[in-house]
A.B. asks: 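Handing you a structure now.
Naming convention: chains lettered A, B, ... in sequence-line order (proteins, then strands); numbering from 1 in each chain.
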2 protein chains.
Amino acid sequence: MRRMTARPANTHQARLLQLLRDSGPNSRAQLGDQVDLSRSKLAVEVDRLLETGLVVADGLAASRGGRRSHNVRLNPELRFLGVDIGATSVDVAVTNAELEILGHINQPMDVREGPVAVFEQVLSMAAKLRASGLAEGFDGAGIGVPGPVRFPEGVPVAPPIMPGWDGFPVREALSQELGCPVMVDNDVNLMALGEQHAGVARTVHDFLVVKIGTGIGCGIVVGGEVYRGTTGSAGDIGHIQAVPDGRPCACGNRGCLEAHFSGAALARDATEAAQQGRSAELAGRLEANGGLSAADVAAAAAAGDATALDLIREGGRSTGQVIAGLVSFFNPGLVVIGGGVTGLGHNLLAAIRTQVYRQSLPLATGNLPIVLGELGPTAGVIGGARLISDHLFSPA
Amino acid sequence: MRRMTARPANTHQARLLQLLRDSGPNSRAQLGDQVDLSRSKLAVEVDRLLETGLVVADGLAASRGGRRSHNVRLNPELRFLGVDIGATSVDVAVTNAELEILGHINQPMDVREGPVAVFEQVLSMAAKLRASGLAEGFDGAGIGVPGPVRFPEGVPVAPPIMPGWDGFPVREALSQELGCPVMVDNDVNLMALGEQHAGVARTVHDFLVVKIGTGIGCGIVVGGEVYRGTTGSAGDIGHIQAVPDGRPCACGNRGCLEAHFSGAALARDATEAAQQGRSAELAGRLEANGGLSAADVAAAAAAGDATALDLIREGGRSTGQVIAGLVSFFNPGLVVIGGGVTGLGHNLLAAIRTQVYRQSLPLATGNLPIVLGELGPTAGVIGGARLISDHLFSPA
DNA sequence: GAACTTTCTCCACTGAGTGGACAAAGACGT
DNA sequence: ACGTCTTTGTCCACTCAGTGGAGAAAGTTC
């Protein structure tokens, strides 16, 4: 199949495509209710979209007491690729134009091996999905990388945990390989887009997404749009000071949030506790697995281990301390906690909540939900698909 | 003179009015260069604006090698009122439609006396300006108050330092009294608008304005627009924890930034130092004035007093500590320091800069200017005029 | 089968916006 | 003084997006 290359010709068409993406098949009448255009004009634009092939007829809907409506929907053969590159693993997924996941693969990986090796892996994962019959090709791809990105060009800039990627033309390279438009963004921003599109943040306009994985980052959404900052490093909260004169951090300072709580820090602290004999539970797991991860701490806490619980509580306190400041400053309508450590679940959430509600002013926290992300590991790939569809479903 | 009531009929007219406001008298040709409309259409819209009286002819400009242009400008009789209500004083100013200050009065005042008393004072100040022949009436007014505001309604919400104002319909009441449209906002947001319009932030799209006066607040500008948060309390950074287990704060917590550094805190610390005999300079001033203010500390520091200098440096360090976190999070293109304590000048600025540059990541601070505001005490009133003109110069 | 609903199409009309021709007004060289 | 060039502004015919009403098509309900 030849891939779609058409783009909406005007804002009306863009709006219609986005409506069809977000609410599935619709009749002309239903579209008209949401789009503030005369029925005549709307019919014209829908017909033009049908001509481009982006939209196809979808049969007759059931009657609601009158003439049955002719539904239209986004072309079901459109395929987007969502790629979420983490520090230690990659997620690749295929979606249709309505951003439903048709297939999803996760593989371990190390970003530090550099862009060439990682892309080889990503491309082979994409090929596998294609080979399984889910897609004959891709109409667009959205990629998330664990570091700051100069968004318009799709190029990582000075990424701390992936030094080899600095300045690598991710967007251009992947667009070449995949033969379709590509957008690149920070992984946390993709997660925010994902939760906004299909998760807990569907109705909020200003919110924060705190992703606690190997590192810690924050996605910022202002007025429904991801805010990326002047140099693309907005949300880089891992190196905000959480503990004065605290632990030394790789960045050269002391007491950075990331040095005190993150997947990596938690594993380190748990190992330390096990070795010092402060927890039999953790020591057993260390013995068994030859190492400890955040998941081990979660399991130990679930098994009632006090030390593990303490580690989580202490981490939640540090995180909550920083988030409290951000809440005072940003006054969001929602805070979403996500990332690898969401396995720590409600113990973590409770610790964060306590700290934030205690430290921020009532006006900012009065009606502020602090919740776990809904999408788990799929938030990033859905966000990727959303990112590229936002791009393709806007006037050229 | 009957006040102007016309509003632009469409976005083109709004755009033209804003252009004329920001760059003064212009010929049709010059306007055409900036507005992406055909000369014909532009002429039509300009003619309509002339009919409304918002815009008037302004004679012929000098020739530039061809036919001389007929300039047009905003009606020079338009008058805006800018009001900046602080904790301890009020600024009221009259501007023309180009937001040039024609007259400016500052008077001491205490917000805690409540809205009724304060408005009486504001109205009498406005009357004084009118009586001096600067205005026959006002076409709009922009008011800043030192606390959070529910912006669409123009009503203060839960303002900590002005409890009597909670829920008072400032916008409606003043609109009634002045007989013109009124917009109300947080004083720090007005300052941000002022610096954006006529100060240091003219070319930046994403920036922060930190106002250090009796309290501490922060104005946030995203994509050229003031960001106010979900409940209007965005930028309320005075109660972010700057010093763990630090000084007790009126809000009930400990170590809040405002408890450690602000006009009030500085005066308190200076008085303490004077009484403990740590500074002869400050003790002398305490004796002479019967009390100490931030200005006294500034003067003492300028006279070489080490204790005063230490107080400023320590305050700058706390402030810088908090700002560093905000810079990491928000990645602004500029940070402006303003408010009453700008009298502390470069000693304060240096301390803040040191702390921010040390604590934030290079990518966020690499090209980040941290500067003092340019407009001083006029920032707020210019911002007020800007606020209402933005409102009036947009389609009804 | 009549009356009512809902969906969709057709068509004449409005009005925003364009671009080119041309007029007005000045600068400059000869 | 006069023609040429440049810049500014006006006029006008034309295009095209968008509207709203009439009415056809296709159902449901009683």
A.B. asks: Of Ser40(B) and Asp36(A), whose closest DNA chain D nucleotide lies nearer the 5' terminus?
C.D. replies: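 Nearest-nucleotide comparison on DNA chain D picks Ser40(B).
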
A.B. asks: Do Arg21(A) and Glu100(A) meet the salt-bridge criterion of a basic N to acidic O distance under 4.0 Å?
C.D. replies: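 Salt bridge flag = no for Arg21(A) with Glu100(A).
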
A.B. asks: Expressed as a whole number of angstroms, how long is the span from Lys41(B):NZ to dG9(D):C1'?
C.D. replies: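 Roughly 17 Å, once rounded to whole Å.
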
A.B. asks: Using atom CD of Gln30(B) as one end and atom P of dT8(D) as the other, report the distance to the nearest whole Å.
C.D. replies: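 Answer to the nearest Å: 8 Å.
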
A.B. asks: Scan side-chain atoms only and decide if Thr231(B) and Asn367(A) contain a donor-acceptor pair under the 3.5 Å cut-off.
C.D. replies: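 Side chains of Thr231(B) and Asn367(A): no pair found under 3.5 Å.
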
A.B. asks: Measure from the side chain of Glu45(B), starting at C-beta and using heavy atoms only, and say which of dC11(C), dG17(C), dT6(C) lies closest.
C.D. replies: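 Of the options given, the side chain of Glu45(B) lies nearest dG17(C).
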
A.B. asks: Using whole Å, what does the distance between atom C1' of nucleotide dT7(C) and atom CZ of Arg68(A) come to?
C.D. replies: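 So the two atoms are 12 Å apart, to the nearest Å.
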
A.B. asks: Identify which nucleotide among dC8(C), dT8(D), dG19(C) has an atom closest to any side-chain atom of His70(A), counting heavy atoms from C-beta outward.
C.D. replies: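 Selected nucleotide: dC8(C).
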
A.B. asks: Starting at atom CG of Leu42(B), determine the distance to atom C1' of dA16(C), rounded to an integer number of angstrom.
C.D. replies: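 Computing the Leu42(B):CG to dA16(C):C1' distance gives 14 Å.
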
A.B. asks: How many angstroms lie between NE2 in His12(A) and CZ in Arg48(A), if you round to the nearest 0.5 Å?
C.D. replies: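 Answer rounded to 0.5 Å: 10.0 Å.
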
A.B. asks: For the atom pair CZ (Arg39(A)) and CG (Leu31(A)), what is the distance rounded to the nearest 0.5 Å?
C.D. replies: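 Between Arg39(A) CZ and Leu31(A) CG, I get 13.5 Å after rounding to 0.5 Å.
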
A.B. asks: Do any side-chain nitrogens or oxygens of Arg28(B) fall under 4.0 Å of OP1 or OP2 in dT10(D)?
C.D. replies: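 It does, given that an N or O in the side chain of Arg28(B) lies less than 4.0 Å from OP1 or OP2 of dT10(D).
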
A.B. asks: Is the NZ or CZ atom of Arg228(A) positioned over Phe151(A)'s six-membered ring, under 6.0 angstrom from the centre and within 45° of the axis?
C.D. replies: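 Yes; both conditions hold, so Arg228(A) lies above the ring face of Phe151(A).
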
A.B. asks: Whole Å only: how far is the CG atom of Asn10(B) from the P atom of dG18(D)?
C.D. replies: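 Interatomic distance, CG of Asn10(B) to P of dG18(D): 16 Å.
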
A.B. asks: dG18(D), dT7(D), dT18(C): which one has an atom nearest the side-chain heavy atoms of His12(A)?
C.D. replies: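 Nearest to the side-chain atoms of His12(A), counting from C-beta on, is dG18(D).
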
A.B. asks: Indicate, yes or no, whether a donor-acceptor pair under 3.5 Å links the base of dT7(D) to the side chain of Arg67(B).
C.D. replies: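 By the distance-only test, no, there is no pair.
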
A.B. asks: From the list dG19(C), dT19(D), dA22(D), which nucleotide is the closest neighbour of the side chain of Leu37(A)?
C.D. replies: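 Looking only at heavy atoms from C-beta outward on Leu37(A), the closest nucleotide is dT19(D).
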
A.B. asks: Rounding to an integer number of Å, can you tell me how far Arg39(B) CZ sits from dG20(C) C1'?
C.D. replies: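 After rounding, the gap between these two atoms is 9 Å.
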
A.B. asks: Tell me which nucleotide among dG21(D), dT18(C), dT7(C) gets nearest to the side chain of Ser38(B).
C.D. replies: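 Closest of the options to the side chain of Ser38(B): dT18(C).
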
A.B. asks: Rounded to whole angstroms, how far apart are CZ on Arg48(B) and P on dG15(C)?
C.D. replies: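 Taking CZ of Arg48(B) and P of dG15(C), I get 10 Å after rounding.
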
